[in-house]
Amino acid sequence: MPRRLFVTGASGFVGRHFLQAARARGHSIAALSRSLPAGEAGDGIDWIQGDLLEPDAWRDALRSDDIVLHLAAATGKANAERHQAINVTGTRALLDAAAHAGAAHFVFVSSIATRFPDQRHYPYAHAKAAAERAVREAGIPWTIIRPTIIVGAGAPVLESFALLAGLPVTPIFGDGQAQVQPIDVHDLVARLLAVIDALPASEVIEFGGPERLALEDWIGRIRAVRSGDAPRLLHLPLAPIRTVLAALEPALLPVLPLTAGQLATFANDGVAAAHPFHDTLSCGFTPLDDSLAGSQLQRLPAVAPDAATLTRECHAFSRHLIGCDAPADVVESYLRHEREHNVGPFSAFEHELLERARRGGLSTTLADAYAARVLRTGLVRRKMTLVLALLETHRETFESIDAPPAASPFGTWWHLITRGLAEVAVTAIALAWLGAAHWRASREAIA
Amino acid sequence: MSESVLVIGSGPSGVHAAATLLSRGFRVRMLDVGHMRPEPVRADASLNDLKRTLPDPTEYFLGNRWEALVLNDDEEEYYGFPPGKQYVFQGANAHDARTRGFDPLFSHAAGGLAEAWTGGSYPFDERDLGPWPFGWQELAPYYGRVAERIGISGSCDDDMVTHFPVHAGVQPPVPADAHTQKLLSQYEGARSAWLAQGARLGRARIATLSRPLGHRNACHQSGRCQWGCPTDAFYTPSITLRDCMADDAFEYVPGHEVTHLALDGSGRATAAVAKRVDGVEERFEANRILMAAGTLSTARIVLTTLALAGEEIPELTGLMDNRQVMMPFVNLALVGKPFEAESYQYHQLALGLDPGGSHDYVHGLITTLTTALVHPVVQSMPFSMKSSLAILRSFHSALALLNVNFADDRRSENRVGLERGGDDEWRLTIAYTSAADESERLRARLRTLRRLLLRLGCVAPPMMTRPRPMGASVHYAGTFPMSGSGGDWTTDAHGALRGIEGVWLVDGSSFPSLPAKNLTFTLMANACRIAEEAF
């Protein structure tokens, strides 16, 4: 039966998928988001721009008999105060407003992490657990949903694991035997819709995917699908690393690649408990490899950069590779190729990396090193390969590519050693700095 | 009036069967699709001259549709396929084939797939010919005759003579480039260790002239091999085709793809039916038909013939192909030296690893890789593009590629069949499964080879060693094996097909085994033998 839904976190990863499916199901929707998605006016959704922590902006949009689906959350690298503010205070504000408006039911999407036995240094899990308590006590009929790891094209947590899986050596914290049960976002959305149809009151329902596997095998699967080979795993002791990260977090949170709390995934089984509601479901599962493959193959739509940008890019890459600007013919061929074969980036972050790469100098160097580790099949490396192919077939530049980099074999070995050291240093900086940016870009923003 | 023979296909088997028949006084008509090799650009220029003087060298080397550009989203090969050789595969893979475990290549070029070969010409020895209904003594004269016809250069007195028996017509080797000379001198130092492992190194036998032959000049080291030899010093079958065309008794009929044979009531083939480019069917009557379309295309024609005659379509067993593994290595002694762009580019050295038993013999070809485009290799390296390029430039003169070939044998699980595809056209079905012990055998041999290279001061990084998929070596054979004892869908020792009279298979179809050595030279010699002896 079509209902009116009030959805928070509507422009987030799960939110976007949910809205599409809910609209197809005929529900009418009021969607709360801090930033309105562009170009979706007239899509039949009543968008409300506002911050969860400022109820004045959205309180009046709640109506009696609404079903509230609360997806908004602070995740990932937010600090403890922010977790508390968004996940606990924000949830309480929403519950108050819902009760006041006379909402029919409150569906809270929580996390499997709330029942991890080991929640050391994990403010996200603490906050979500506190929010669950608030939901139970608010006096509105409620259902709490706890998904496991959510996968699918652009899934933030998947991107984070893919980052780990793509490293030349993948650190595994602890024994890597913690169980995971990733669920495709489409499967999760289908289950949320089933919950909204049935409204099972006062139930906590956990949803996981079709397979349970050890965390290190999960990382191996991502690697296999994305690069066709197996990761080299390096087992690191979990407890001291969590302690060190926790100690560093107050000062260094913005630049740390991951938080102590996120390491809880390595310490706890994240699989869904059986629930009678599962047996009522008619929706199936997306095979795990399809979820992973789909998230790799999907490029964003290509945006054709203008000729000036492409020219600048071509020169920057030429200077980076052989130390001088590209000859005019090379630029011309480059423009021709990019006109004929313009492809889009895999993600918004990749687009950002390309913009950094075309700035020239150190920015290009870092982007190259980062692409070599993490985005080998991506745009930056693709475009540099093209520039190299053009330079090595051009009359003015082929000889400098054919020549050894130094005049003597000794000089060449010396060049190789310094090059190797530079590569290590640049790669370390690139992974720390761009890795942090990549991580941030792939986190789900709060609504 | 002399008798006429119909030959189907202009690959190495077809042209050498035809040339032999012509020399015996037969008239020969050859049906072929026949895409022609383009005229070479500036035949006198060296590779670097081309880069310096062509108006648009990028178009010549990368192709006007970027055919030779290898970007980072396909990581299969270390080479971009040269635009100048696109004609070899032009239009040939339009046929639908349903395959499992096998990636077949087809060619419609005048000269066939061997237009894109690398010239390795290695006679099968007595042991290689073990399962064949004849031995070295019977085949040696034909190796000699082909060698005299096409020109083969190489050594007849180095260590590889153990594996490469001597026949007539071998010219001295082409001048070795600096890297090849270095490897040979390093081998002298490590020779006893190599021999102790059953391993040997020596000059390659290649179909490249070191002395003029007929109207063809010797190799002049332009460095352009990969992009198509501009002077015919490097042999391809289209050269023999051209020689045949100079003979009045030869009629070349291009633009025709044979689909099936017409049978009379007694099951004898009386004509070949071909489809013209414009789709019109034409019949070519013949008393004798020599099939040289290549193992897979010959199978398609024979199976389609049976299907159209309303007979049961057999499933052919025993398809073979050589597994190839590409093993790039670095010769540490040459790091940082400049390299010679103007040198012979295909393999100059051959390597044999023989732990005993024909099936175990591993055949290696060493190419010193100087003028190949570098961007496909650079983008495949596990470092930033800048560092990868610096490493490649440092190692350029020190780089080489060992192409390791493994023998195959006929196994019943490897099948070629025919079915109706979605568009109601007949299509081949090909299923291939590697031998159960293959990966173990490969690993062991590759480990040995890596150690042997180390003895020469060469390092082969394991992560850069890549097995090519089955089908990539294009050494297809074994669907209608020669057998002295008869049997359904076999041929006799002269390639006469049992089941359809008047048809001789002169291509790889009739090979009863596939040694590790490149099969092309034996295809030519065997086609000569059949054309000389069968009737």
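Chain letters run A, B, ... following the sequence lines, proteins first, then strands; residues in each count from 1.
- Crowding of A:Glu332 atom CD: a count of heavy atoms from other residues, nucleotides or ligands under 6.0 Å not exceeding 12.
- In this structure a side-chain-to-backbone donor-acceptor pair under 3.5 Å is present from A:Arg381 to B:Gln379.
- Across B:Pro57, B:Ser387, B:Ala390, the residue that shares the most heavy-atom pairs under 4.5 angstrom with chain A is B:Ser387.
- Put simply, the side chain of A:Pro404 does not reach to within 4.5 Å of the side chain of B:Arg393, judged on heavy atoms.
- Remark: B:Tyr432 engages B:Phe102 in a ring pair (Phe, Tyr, Trp, His ring centres under 6.0 Å) (not counting sequence neighbours).
- Residues of residues 313-331 of chain A placed with any heavy atom under 4.5 Å of a heavy atom in chain B are listed by number as A:His320, A:Leu321, A:Ile322.
- For residues 366-404 of chain B, the set of pairs meeting the ring pair (Phe, Tyr, Trp, His ring centres under 6.0 Å) definition, not counting sequence neighbours, comprises B:Phe339-B:His396.
- For B:Val374 against A:Glu392, the heavy-atom pair with the smallest separation is N-OE1, 2.8 Å.
- Between chain B and the residues A:Ala389, A:Ser333, A:Pro409, the most heavy-atom pairs under 4.5 angstrom are made by A:Ala389.
- Heavy atoms of A:Thr418 lying under 4.5 Å from chain B are absent altogether.
- Salt-bridge check for A:Glu399 with B:Arg52: passed, with a basic side-chain N closer than 4.0 Å to an acidic carboxylate O.
- Here the straight-line distance linking atom CG of B:Leu332 with atom CH2 of A:Trp413 works out to 5.5 Å at 0.5 Å rounding.
- Side chains of B:Lys386 and A:Arg419 form a contact here, defined as non-hydrogen atoms less than 4.5 Å apart.
- Interface summary for chain B: among A:Leu390, A:Thr385, A:Val426, the most heavy-atom pairs under 4.5 angstrom belong to A:Thr385.
- The distance from the NE2 atom of A:His394 to the CG atom of B:Asp56 is 8.5 Å, given to the nearest 0.5 Å.
- Heavy atoms of A:Glu396 lying under 4.5 Å from chain B are absent altogether.
- With rounding to the nearest 0.5 angstrom, the CG atom of A:Asp402 is 9.5 Å from the CG atom of B:Leu392.
- Crowding of B:Arg455 atom CZ: a count of heavy atoms from other residues, nucleotides or ligands under 6.0 Å not exceeding 12.
- Heavy atoms closer than 4.5 Å to chain A are found nowhere in B:Leu47, neither backbone nor side chain.
- Heavy-atom distances place both the backbone and the side chain of A:His337 under 4.5 Å from chain B.
- One finds the OG atom of B:Ser384 at 15.0 Å from the OH atom of A:Tyr370 (value rounded to the nearest 0.5 Å).
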Pair A:Glu423, B:Ser388 - check side chain to side chain contact (heavy atoms under 4.5 Å, CB included), show working. CA-CA 10 Å; A:Glu423 175 85 356; B:Ser388 301; over 6 Å; no
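- Contact of B:Leu54 with chain A is made through the backbone alone, with heavy-atom distances under 4.5 Å.
- Residues A:Arg395 and B:Lys51 share a closest heavy-atom pair of CB-O, 3.1 Å.
- In this structure, the portions of B:Ile391 lying under 4.5 Å from any heavy atom of chain A include both its backbone and its side chain.
- Contacts with chain A (heavy atom to heavy atom, under 4.5 Å) involve these residues of residues 58-66 of chain B, listed by number: B:Thr58, B:Phe61, B:Leu62, B:Asn64, B:Trp66.
- Interface remark: A:Leu416 contributes side-chain atoms only to the contact with chain B (heavy atom separation under 4.5 Å).
- Counting non-hydrogen atoms of neighbouring residues, nucleotides and ligands closer than 6.0 angstrom, the CD atom of B:Glu440 reaches no more than 12 such neighbours.
- For the set A:Arg373, A:Lys383, A:His415, the count of heavy-atom pairs under 4.5 angstrom toward chain B peaks at A:Arg373.
- Top candidate by heavy-atom pairs under 4.5 Å with chain A, chosen from B:Pro382, B:Pro338, B:Ala341, is B:Pro382.
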